Engineer: 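Shown below is the structure under consideration.
The figures here come from the full heavy-atom set of this structure, side chains too, leaving out hydrogens, waters and symmetry mates. Please read all numbers here as calculations on a predicted model, not as lab measurements. Whatever order the structure lists them in is the order used to number ligands and atoms, beginning at 1.
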Amino acid sequence: MITPVLPTYNRAPMAFVKGEGSWLTAEDGKRYLDLGAGIAVNALGHANPDLVATLTEQAGKLWHVSNLYRIPEQEKLAEALVAKTFADTVFFTNSGTEAAELAIKMARKYHYDKGHPERIEILTFEGAFHGRSTGAIAAAASEKMVKGFGPLMPGFRQLKWPQNASDHDALRAAITDQTCAVLIEPVQGEGGIRIVPDQCLKGLRDLCDSTGTLLIFDEVQCGMGRSGKLFAHEWSGITPDIMMVAKGIGGGFPLGAVLATEDAASGMVAGTHGSTYGGNPLACAVGAKVVEIISDDAFLSEVNRKAALFRQGLESLVASHPTIFEAVRGEGLILGLKCKANNTDIVKAGYAAGLLTVPAADNVIRLLPALNIPDDDIAEALHRLDTAAKAVESHA
Ligand SMILES: *Cc1c(COP(=O)(O)O)cnc(C)c1O
């Protein structure tokens, strides 16, 4: 039967009424330790005092004016991102999907303006997730997302996920004179916390350079400090031409961005793209605060210290539950447990134990805590994961 809310989600039955740091309180008063952070969105925890102060101050001044006018909060956030990254310029969106749409348009317009309108094909990878618009589902082309929604937007081709140097030859062969760009998540989130090895990212950069292909990174999930660097690609030492950002950058307020080099963005002149809400003062005031906090070196070294602590605990958890878990995946605080038992059974056992985790493809459960999760909460999370694993063992 249809419900007032369109039933497109498989929802867990809990509803939350209050959040504080890494904790959520449900309607029935039960407290849950949150290792999902709204799917990597609440990067600084729930009801972060700095963000609440920034949001309420801006809310009392100005929410929205439209991009008909200069928006100083947007300029401030763009300047901060340009100062901290490879990028020369930034466009603001409200979501990751909208960032994907612009990344696709920007890459095609680049070649069109350089006299190569035939260069329209964007190479993507199996297991990818770039959002749910018609363009973004065509890009990732996973069967469950595209079935029944055809005709799909043409101009995408999915390649095998690059795991070792030998895949480099396949990538080289895939680039033709119609190739526009390569679009990849440095760490796949929905696909099951799969890291592209640094060597493969470097190889991709070389291939793109030698063929004039644009390299686009989707850091919507793995970016904004989650990997232990401000952006995950920084571990590899190479940079993209275009990058999509969203989720963590708003700390819970809807905000996305496309970052680009001056050259890659050269086709996007006045009138070629726009958004009513994108880059509104409220979102950008919050985003600027999030970027200020997360891009601080001391904050990022704390993320790495916490990540090492958590990971060590997870490795012993896997060792003590060999029929439930197989391995720990990921880097920084974008972590996954590859499961032997059914991942959704473990997620559900977690709910019973007062713990929120997020399932992903490849039978993985995702652990995406707030980046400032206290050490005590990490210890408590490990304890509750152990409780959940024991519960699944006892039902086997
Ligand atoms: C979540 C996500 C998106 C889509 O973002 P929305 O804000 O849901 O539109 C795109 N790419 C990646 C890697 C994501 O994790």
Side-chain angles (χ1 to χ4, degrees), residues 6 8-11 36-43 91-107 122 124-142 144-146 149 153 156 158 161 181-196 201 215-227 231-233 240 242-259 275 277-280 283 286-287 290 329-336 357-362 364-369 371:
L6 188 73
T8 57
Y9 298 103
N10 270 317
R11 296 176 196 267
I39 319 185
V41 166
N42 303 299
F91 182 94
F92 293 103
T93 67
N94 309 289
S95 68
T97 302
E98 288 168 80
E101 288 296 318
L102 172 56
I104 293 164
K105 285 175 70 176
M106 185 183 281
I122 299 176
T124 62
F125 294 87
E126 50 94 1
F129 182 76
H130 302 298
R132 296 286 199 153
S133 63
T134 51
I137 63 172
S142 92
K144 78 169 192 207
M145 286 197 293
V146 303
F149 296 113
M153 188 169 124
F156 296 96
Q158 293 75 37
W161 182 248
V182 174
L183 165 57
I184 190 165
E185 295 155 84
V187 183
Q188 273 190 351
E190 305 298 313
I193 312 295
R194 300 196 295 174
I195 299 182
V196 187
L201 285 184
L215 182 57
I216 307 173
F217 286 161
D218 180 346
E219 292 227 18
V220 168
Q221 194 158 152
C222 62
M224 286 310 297
R226 195 145 282 284
S227 72
F231 290 102
H233 69 264
I242 300 172
M243 179 168 72
M244 298 149 51
V245 180
K247 293 203 165 94
I249 192 172
F253 198 88
L255 177 63
V258 175
L259 281 65
S275 166
Y277 289 126
N280 66 77
V286 176
V290 172
R329 286 185 180 178
E331 62 189 10
L333 291 174
I334 177 162
L335 293 166
T357 62
V358 187
D362 207 21
V364 164
I365 67 175
R366 269 178 285 179
L367 311 171
L368 310 162
L371 302 180

Engineer: Ligand 1: which residues have a non-hydrogen atom closer than 4.0 Å?
Structural biologist: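 Protein residues near ligand 1 are Ser95, Gly96, Thr97, Phe129, His130, Gly131, Glu185, Asp218, Val220, Gln221, Lys247.
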Engineer: Which atom names give the shortest non-hydrogen contact between Ala283 and Pro254, and what distance separates them?
Structural biologist: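 That would be CB-O, 3.7 Å.
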Engineer: Can you name the residues that form a ring-ring contact (aromatic ring centres under 6.0 Å, His included) with Phe125, not counting sequence neighbours?
Structural biologist: none
Engineer: Suppose we screen for salt bridge (Lys or Arg N to Asp or Glu O under 4.0 Å). Which residues come up paired with Glu190, at least two apart in sequence or across chains?
Structural biologist: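 With neighbours one apart ignored, the set is Arg366.
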Engineer: For Phe91, what residues pass the ring-ring contact (aromatic ring centres under 6.0 Å, His included) criterion, not counting sequence neighbours?
Structural biologist: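 By the ring-ring contact (aromatic ring centres under 6.0 Å, His included) rule, Phe91 matches His273.
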Engineer: Testing Ile216, Leu183, Val220, Ile184 for side chain to side chain contact (heavy atoms under 4.5 Å, CB included) with His130, which one passes?
Structural biologist: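 Checked Ile216, Leu183, Val220, Ile184 against His130; only one passes side chain to side chain contact (heavy atoms under 4.5 Å, CB included): Leu183.
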Engineer: Give the C-alpha distance, both sets of side-chain angles, the deciding distance and a yes or no for side-chain contact (heavy atoms from CB on, under 4.5 Å) between Leu335 and Ile193.
Structural biologist: CA-CA 7 Å; Leu335 293 166; Ile193 312 295; 5.7 Å; no
